[in-house]
Amino acid sequence: MTTHVHYDDRLGTWNVTGHPEMLSALNDPATFSSNIPRLFGEHPDDRISDGNLVQTDPPDHRKLRSLANTAFTPKVVAALQPRIVELTTELLDAVDGDLELVSQLAHPLPVIVIAELLGVPVSDRELFRQWADLLLLNDGEFTAKDEDGAQARRFQEMAAALQPMADYLLSHLNERRTRPREDLLTRLVQAELDGERLTDGQLVNFTTVLLLAGHITTTMLLTNTVLCLDENPEHAAKIRADRSLLPGAIEESLRLRSPFNVLARVTAVETALGGQVIPADRMVLLWANQANRDPRVFARPDEFDPLRDPNPHLSFGRGIHFCLGAPLARLEGRIALNLLLDRFPVLRTDPADPPVLTATTNSTGVSRLPLRTAY
Ligand code: HEM
């Protein structure tokens, strides 16, 4: 019998691979807490979680999220459309001959969009890339045992390596305190939760998530969708001819190549899931990449089908932590891919210069995607 929830004795983690089981966990934040550092007690990593939306539980999460929601209303996101078109056009105008999609479009576009939204200088984007790579390359296995302390050291090293980013963001936040501007950083330093301003630590962690979550994943979404089209030329031809199929293709790309493969939770109490009993205080890994191919929910689960409807993939998560930036990511995806298809009648991977996959268990993406633009 297929099990959808199983314990990994080596790592001490519970693993959830079924769709209904993952959904149950995501919809029950009281049992499946996002406060991962609680598992490590007085772990030094605590300092990177205060104010970090992704690792905060209710009631604090509700307050922080309502603050974040005001920055990402449908109106704010829709208003970005002309700028995203302009940026994509500029980036594509600079392409001369064949295309390397990551460096020429998929990375710069989302980074510039989020930097402009926050109000940090776009010219620093190489720095953002280095910090994001640090996070991505830090792909050690999650373990709940950590008997040799390797994971604790990894977290510490990561916090230390990201300190320059914290200093960078804080200097910009401080500047807004004295010289307010029309940007998100200014709104954040002025915002109040329960009548109090956010602390420096909360502000830094909050903006870190926006800056990094706001681009790494969207870069992957763009490249992953182009890879799906490359692998499915018949669908690609139909999508070129009928662009109303593109949003469905983007959802299928998200389902089959989920940028984040895995989400982490900690059990607050003993609970039953998928016929198993998980004790309290255990790390639970929710594998979106596997839940997205659960044959109980998705017919022909390994097939790319842009017409799949409904398509309840879990690549943006679900429940109270559902991705704040999903409307922005989808908008960037639609604009960039439409303009890319308009511009290049041919977009094919090159067997002589194949894509370079990011070889991590936590994410699905590429670091280089050379494309031929002529037969
Ligand atoms: C949360 C995926 C783009 C900001 C999440 C979560 C996932 C996710 C799976 C849930 C984490 C959890 O439950 O533990 C993605 C993917 C993206 C994307 C696949 C692109 C294709 C963006 C963008 C932004 C963003 C563009 C910001 C501009 C956030 C934030 C959260 C979040 C702030 C935390 C929400 C909360 O905890 O309440 N994202 N994301 N994401 N995402 Fe995204």
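All residue numbers refer to positions in the sequence shown, counting from 1. Indexing begins at 1, ligand by ligand and atom by atom, following the structure's order.
Of all the atoms in ligand 1, the ones that sit under 4.0 Å from a non-hydrogen atom of Arg265 are 12 (C), 13 (O), 14 (O). When each atom of ligand 1 is checked for a heavy atom of Leu324 under 4.0 Å away, the hits are 29 (C), 30 (C), 32 (C), 33 (C), 42 (N). For ligand 1, the atoms closer than 4.0 angstrom to any heavy atom of Ile320 are 38 (O). Applying the 4.0 Å criterion to heavy atoms of Ile114 picks out, from ligand 1, the atoms 28 (C). Annotation for ligand 1: atoms under 4.0 Å from non-hydrogen atoms of Leu221 are 21 (C). Every atom of ligand 1 with a heavy atom of Gly317 under 4.0 Å away is listed here by number and element: 9 (C). Atoms of ligand 1 found under 4.0 Å from any heavy atom of His61 (numbered from 1 in listed order, with element): 36 (C), 37 (O), 38 (O). Every atom of ligand 1 with a heavy atom of Val209 under 4.0 Å away is listed here by number and element: 33 (C).
When heavy-atom distances to ligand 1 are checked against a 4.0 Å cut-off, Phe260 comes that close only through its side chain, counted from C-beta outward. Both the backbone and the side chain of His321 come within 4.0 Å of ligand 1, counting heavy atoms alone.
Checked by atom type and distance alone, the side chain of Arg293 pairs as donor or acceptor with a backbone atom of Leu256 at under 3.5 Å. Listed for the Thr364 side chain is a donor-acceptor partner under 3.5 Å among the backbone atoms of Ser258.
Partner of Arg343 under the side-chain hydrogen bond (donor to acceptor under 3.5 Å, both in side chains) criterion, chosen from Thr373, Asn338, Asp93, Thr89: Asp93. Test Arg348, Arg372, Arg368 against Asp353 for salt bridge (Lys or Arg N to Asp or Glu O under 4.0 Å) and you get one pass: Arg368.
In this structure, Asp57 does not pair ionically with Arg62, as no charged nitrogen and carboxylate oxygen lie closer than 4.0 Å. No salt bridge links Glu182 with Arg187; every basic N to acidic carboxylate O contact stays at or beyond 4.0 Å. Under the 4.0 Å criterion applied to side-chain N and carboxylate O atoms, Glu252 and Arg257 are not assigned as salt-bridge partners.
In this structure, the protein non-hydrogen atom closest to atom 27 (C) of ligand 1 is Gly214 CA, 3.6 Å. Here the heavy atom of the protein found nearest to atom 6 (C) of ligand 1 is Phe316 O, 3.9 Å. The single protein non-hydrogen atom nearest to atom 4 (C) of ligand 1 is Gly325 N, 3.8 Å, given as residue, atom name and distance. Protein heavy atom closest to atom 1 (C) of ligand 1, with residue, atom name and distance, is Cys323 CA, 3.5 Å. The nearest protein atom to atom 18 (C) of ligand 1, hydrogens excluded, is given as Thr217 OG1, 3.2 Å; this is a heavy-atom distance. The single protein non-hydrogen atom nearest to atom 22 (C) of ligand 1 is Ala213 O, 3.4 Å, given as residue, atom name and distance. Protein heavy atom closest to atom 35 (C) of ligand 1, with residue, atom name and distance, is Arg65 NH1, 3.2 Å. Atom 34 (C) of ligand 1 has its closest protein heavy atom at Val54 CG2, 3.6 Å.
The shortest heavy-atom distance from Ser315 to ligand 1 is under 4.0 Å. Using a 4.0 angstrom heavy-atom cutoff, Ala68 does not count as in contact with ligand 1.
Ligand 1 has no N or O atom lying under 3.5 Å from any N or O atom of Thr218, backbone or side chain.
Shown here is Glu234, whose CD atom has no more than 12 heavy atoms of other residues, nucleotides or ligands within 6.0 Å. At most 12 non-hydrogen atoms from other residues, nucleotides or ligands lie less than 6.0 angstrom from CG of Asp96.
Taken from CZ in Arg83 to OG1 in Thr88, the straight-line distance is 9.5 Å, to the nearest 0.5 Å.
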**Request:** Start with the C-alpha distance between Asp183 and Thr186, add both sets of side-chain angles, then the distance that settles side-chain hydrogen bond (donor to acceptor under 3.5 Å, both in side chains), and finish with yes or no.
**Result:** CA-CA 6 Å; Asp183 60 23; Thr186 305; 2.6 Å; yes
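Ring geometry, Trp14 versus Tyr7: the interplanar angle falls from 30° to 60°, so the pair is classed tilted.
Cation-pi geometry between Arg308 and Phe298 is not satisfied (NZ or CZ under 6.0 Å from the ring centre, within 45° of the ring normal).
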